[in-house]
Amino acid sequence: MAKKKIVLLDGNSLAYRAFFALPLLTNDSGIHTNAVYGFTMMLQNILSEEKPTHMLVAWDAGKTTFRHKTYGEYKGGRQKTPPELSEQFPYLRKLLDAYQIPQYELDQYEADDIIGTLSKIGNEKGDEVIVISGDKDLTQLSSNHTTVYITRKGITDIEKYTPAHVMEKYGIEPYQIIDMKGLMGDASDNIPGVPGVGEKTALKLLKEFGSVENVYASLDKVSGKKLKENLTENEEQAFMSKELATIEQNAPLTISLDELQYDGPNEEQVKAIYQDLKFKTLLEKMAPEEAGVLMEEITIQLIEDPSTIEFKDEMAIHIEMADVNYLDADLMGLSLSDGEKTYYIPFEHVRNSDQLKAYLEDGKKKKYASDSKALYASLFRYGIKLEGIDFDLLLGAYIGNPSATYTDVASMVKDFGYTNVQSDEVIYGKGAKKSVPDEQTVAEHAGRKAEAVWKLKDAVEKKLKENEQFDLYYELELPLAKVLGQMESTGVKTDLETLQQIGVELSARLSELESIIYEMAGQPFNINSPKQLGEILFEKIGLTPIKKTKTGYSTAADVLEKLESEHEIISYILTYRQLGKLNSTYIEGLTKEIHEDGKIHTRFQQALTQTGRLSSINPNLQNIPIRLEEGRKIRAAFVPSEPGWLMFAADYSQIELRVLAHISQDEKMIAAFREDADIHTKTAMDVFGVDKDGVSSDMRRTAKAVNFGIVYGISDYGLSQSLNITRKEAGKFIDTYLASFPSVKQYMEDIVADAKMKGYVTTMMNRRRYLPDIVSSNFNLRSFAERTAMNTPIQGTAADIIKKAMIDMDKRLKEEKLETRMLLQVHDELIFEAPEHEIEKLQEIVPEVMESAIKLDVPLKVEWAFGKSWYETK
DNA sequence: TGAGCAGCG
DNA sequence: TTTAGCGCTGCTCAC
């Protein structure tokens with residue numbers, strides 16, 4: 001028979017944990033729900049992560065247990081269970097019934113004993129057992145087959161106790177936990193132990209003698225007069241305490257392992273209870289499974305001859321395609337809706353219709369799209385130049401809720417409470433089962449999408465107006481979508497031979513490095529496997545691990561760099577990593593992405609980042625190497641697509657610090673930028689209190705790191721890492737910095753306070769980012785939100801600025817009737833290809849347009865270069 | 001599928 | 001007193 005995976009939960013302990021970990025939530029009906037809610041969250045985590053075959057929740061039975069016969073005061077002095085918690089137990093039991101998880105209690109025994117007995121039975125059969133509790137006593141049950149999960153802070157944070165972990169933490173075996181308790185006692189259970197003996201002393205004694213019995217057998221060897229005295233006087237109490245702490249593993253259970261089989265919940269019942277308790281988020285999580293119901297009827301006109309369509313002045317429009325990548329996806333059909341009538345035209349008829357083409361290219365006919373950039377670029381593949389886009393649902397939803405992840409129209413409209421469109425997953429399936437259904441189904445699906453766009457336009461606009469984001473939407477994001485669509489369609493010419501040539505060199509050097517590394521390691525192994533590499537470095541060679549990850553030793557570059565002087569193999573590994581990355585990601589990766597036209601067409605995601613930046617995918621052209629010369633050569637493969645043309649690149653200099661100077665209104669910083677000083681040198685002068693000539697290169701480097709840190713929402717820890725100095729030193733730098741730029745300090749404090757009050761921060765163009773965690777009681781979450789509050793207005797404003805510059809640039813190129821094409825955006829940089837005779841003009845207008853994209857209290861500065869390839873634009 | 005690592009601004 | 005720089009994408013390994 002297959003091995004079982006048995007999960008045993010300590011019901012009372014976990015309910016207490018959940019109750020105290022969460023604030024006292026009350027639902028509309030006045031029932032307290034925090035313990036049930038926390039318990040449910042935990043349960044769901046366990047079910048999805050562990051996928052148990054067998055489960056049981058054990059409960060304590062009544063007030064007295066067999067332990068009270070040993071010691072009447074057992075668990076004496078405990079606070080009564082708060083009534084707010086007591087009232088939740090019946091709901092918990094009902095919920096577990098709905099989940100169809102067996103529950104069990106046994107008169108005179110505690111939940112521990114039930115769990116201990118079952119885990120023993122499981123162990124004997126070789127099954128895998130997981131015990132979950134909030135009580136560390138249960139760690140005594142850990143064994144080769146049993147792992148004990150103890151909840152840490154909160155409810156979902158769990159510490160896993162294997163025998164090795166117990167050893168690591170306490171230096172003793174799991175079975176010695178009871179000896180430890182015997183000696184030190186346990187205040188929460190009112191187990192006395194030996195007075196004067198705490199955890200430290202108990203562990204010391206156990207490491208020397210092994211057990212309570214042996215401690216007393218060798219009392220004369222115990223050092224310390226007072227300790228010996230205490231032990232002697234409390235011998236009986238020590239043995240009794242050990243007995244009390246011992247979990248019974250032979251309780252007379254009336255239930256067998258086979259009865260614990262878990263086959264999943266009764267969804268209907270679970271849903272009913274969620275509804276009863278008003279667990280909205282949990283309910284929503286269940287909802288996708290029953291998608292497909294409650295759809296309103298829709299009448300779709302399937303069109304073969306587009307000339308029969310009545311093209312209104314305003315219509316919603318959508319193209320249904322078989323893949324997310326609209327640059328090469330198979331286009332299935334186009335849907336149109338005017339709110340009354342909805343049409344679906346299979347794409348073969350779209351392509352061949354002059355009337356439809358004329359409609360799509362008519363700028364006077366307003367069109368509302370689900371994703372306008374996808375429309376521009378996909379229609380452009382068929383020579384159709386889309387005009388008249390006046391609304392974009394994706395961008396509207398994104399501006400209203402940047403943290404959402406939109407995968408299809410259904411996910412966008414959900415934010416507005418609209419449900420009459422199904423998810424793509426429901427229609428097409430997912431993974432291996434993905435397939436296109438019959439045309440009628442596709443037509444309805446596409447029709448519903450167009451209809452949804454039509455119906456939601458008002459709601460989206462209303463929200464934009466309320467949040468004063470109308471301009472951000474109509475002046476920035478919507479026109480940008482068109483520019484980006486053009487850039488994606490244009491693509492960047494990529495020279496395959498250059499890539500291949502670099503690839504050949506890389507492969508040769510990699511195999512050379514490989515032999516050297518194998519030689520030094522004394523054996524071949526997979527250098528790309530952090531696991532194997534860690535074993536070789538830290539076990540075989542015996543280097544000292546500096547950092548650990550969840551799964552083993554960290555072999556990250558910053559760790560290896562610290563070990564470089566310890567062993568010569570390290571530098572070879574670092575080089576191998578670096579070159580391996582170039583080869584797999586850039587040479588092999590980019591080669592695969594070159595289209596038939598000899599170009600690479602990336603897609604810019606316009607509705608993804610939390611800050612308003614763009615991102616680039618399939619492939620990512622925003623992370624082409626530049627920092628190291630070997631990688632930088634990759635850029636030589638990116639060339640103009642026309643003979644005699646050149647690449648032209650322009651980037652904003654220090655845009656984020658300039659934005660910071662403007663937002664914080666720091667006089668010194670503003671002055672520095674106005675006189676075009678080197679900002680890092682200037683910072684160094686202030687932080688180190690020297691004059692310009694006194695700034696060493698090291699000081700400048702430090703100042704640069706501090707400047708970066710400030711932009712990111714600094715912490716002494718982060719700075720200490722990047723500069724390889726102590727936290728204290730880093731803290732000092734930060735203090736000195738903030739003292740010399742007081743307005744920056746003020747800004748950092750104000751923005752955090754503002755975010756706490758409003759729940760969000762904004763950029764100069766009123767882009768929002770919501771930060772619910774900024775009021776969290778969890779230190780990590782809160783700190784992260786605070787740094788985000790400091791960083792987002794800066795990074796986001798910089799993003800706004802370059803977006804505006806792109807729109808202006810596109811317009812200017814047209815006005816000047818230039819052939820120059822904008823190709824790429826890399827956060828603070830724009831890349832163009834241009835005929836040689838236009839270069840002179842570009843040198844004039846590109847900086848002009850970019851520098852005047854927005855008016856700040858400091859000048860914006862643009863630097864530019866051109867050459868025969870991207871590599872040469874330096 | 002997620003973790004670890006490394007590439008960019 | 002264990003936390004711990006901001007924003008991304010893609011490759012490889014191991015499960």
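Any value given below was found using the heavy atoms of this structure, including those in side chains, with hydrogens, waters and symmetry copies removed. Labels below follow one simple rule: chain letters A, B, ... track the order of the sequence lines, proteins then strands, and each chain is numbered from 1.
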* Residue pair A:Arg635, A:Glu872: steps toward the salt bridge (charged side-chain N to carboxylate O under 4.0 Å, His left out) verdict -> CA-CA 8 Å; A:Arg635 295 183 170 224; A:Glu872 290 182 28; over 6 Å; no
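- For A:Asp127 (side chain) and A:Lys4 (main-chain N/O), a donor-acceptor pair under 3.5 Å exists by modelled atom type.
- The nearest whole Å value for the distance from the CZ atom in A:Phe784 to the C1' atom in C:dA4 is 11 Å.
- A salt bridge between A:Glu851 and A:Lys861 is absent, with no side-chain N of the basic residue lying under 4.0 Å from a carboxylate O of the acidic one.
- No engagement by A:Gly713 is indicated, since no non-hydrogen atom pair under 4.0 Å with the nucleic acid exists.
- Rounded to the nearest Å, the gap between the P atom of B:dA6 and that of C:dG5 is 16 Å.
- Within the 4.0 angstrom heavy-atom criterion, only backbone atoms of the sugar-phosphate kind lie near A:Ile626; the bases stay farther away.
- Rounded to whole angstrom, the span from the CD1 atom of A:Ile751 across to the P atom of C:dC6 amounts to 16 Å.
- Atom CD in A:Gln795 sits about 13 Å away from atom P in B:dG9, given to the nearest Å.
- The cationic group of A:Arg727 does not satisfy the cation-pi geometry with A:Tyr717, failing either the under 6.0 Å distance to the six-membered ring centre or the 45° limit from the ring axis.
- Of the candidates B:dG4, B:dC8, C:dG5, B:dG4 carries the atom nearest the A:Thr551 side chain, counting heavy atoms from C-beta on.
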* **Protein-to-nucleotide contact annotation, 5' to 3' order, nucleotides 9-15 of chain C [B base; S sugar-phosphate only; - none; under 4.0 Å, heavy atom]** => SBSSSS-
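- Look at A:Arg509 and A:Glu630 and you find a salt bridge, because one of the NZ, NE, NH1 or NH2 atoms lies within 4.0 Å of a carboxylate O, short of that distance.
- Taking atom P in both C:dT2 and B:dG7, the straight-line distance is 32 Å, to the nearest Å.
- Atom pair A:Gln578:CD and B:dC5:C1' shows a separation of 13 Å (rounding to whole Å applied).
- Residue contacts shown for A:Ser554 are limited to sugar-phosphate atoms, with no base heavy atom under 4.0 Å away.
- Exactly one of A:Lys373, A:Lys803, A:Glu477 qualifies for a side chain to side chain donor-acceptor pair (under 3.5 Å) with A:Gln606. That residue is A:Glu477.
- Taking atom CD on A:Gln825 and atom P on B:dC8, their separation rounds to 17 Å, with Å as the unit.
- Side-chain nitrogen and oxygen atoms of A:Arg577 include none within less than 4.0 Å of the OP1 or OP2 phosphate oxygen of B:dG7.
- Within 4.0 Å (heavy atoms only), A:Ala798 reaches no atom of the nucleic acid at all.
- Proximity of A:Thr792 to the phosphate of C:dC6: no side-chain N or O atom is located under 4.0 Å from OP1 or OP2.
- If you measure from atom CG of A:Asp651 to atom P of B:dG9, you get 9 Å, rounded to the nearest angstrom.
- Atom NZ of A:Lys434 has 12 or fewer neighbouring heavy atoms from other residues, nucleotides or ligands inside a 6.0 Å radius.
- Neither OP1 nor OP2 of C:dA4 sits under 4.0 Å from any side-chain N or O of A:Arg787.
- Within the nucleic acid shown, A:Arg603 has no heavy atom closer than 4.0 Å to any nucleic acid atom.
- Distance, A:Ile527 CD1 to B:dC5 P: 15 Å, rounded to whole Å.
- Backbone-only contact: A:Ile624 has heavy atoms under 4.0 Å from sugar-phosphate atoms and none from a base.
- A stacking contact between A:Tyr712 and C:dG5 is absent: the pair does not combine a ring-centre distance of less than 5.5 Å to the base's six-membered ring with planes differing by less than 30°.
- Between the CD atom of A:Gln622 and the C1' atom of B:dA6 there is a distance of 17 Å, given to the nearest Å.
- Seen from the ring of A:Tyr326, A:Arg603 counts as a face-on cation partner, given the 6.0 Å and 45° thresholds.
- At the phosphate of C:dG7, neither OP1 nor OP2 sits under 4.0 Å from any side-chain N or O atom of A:Arg613.
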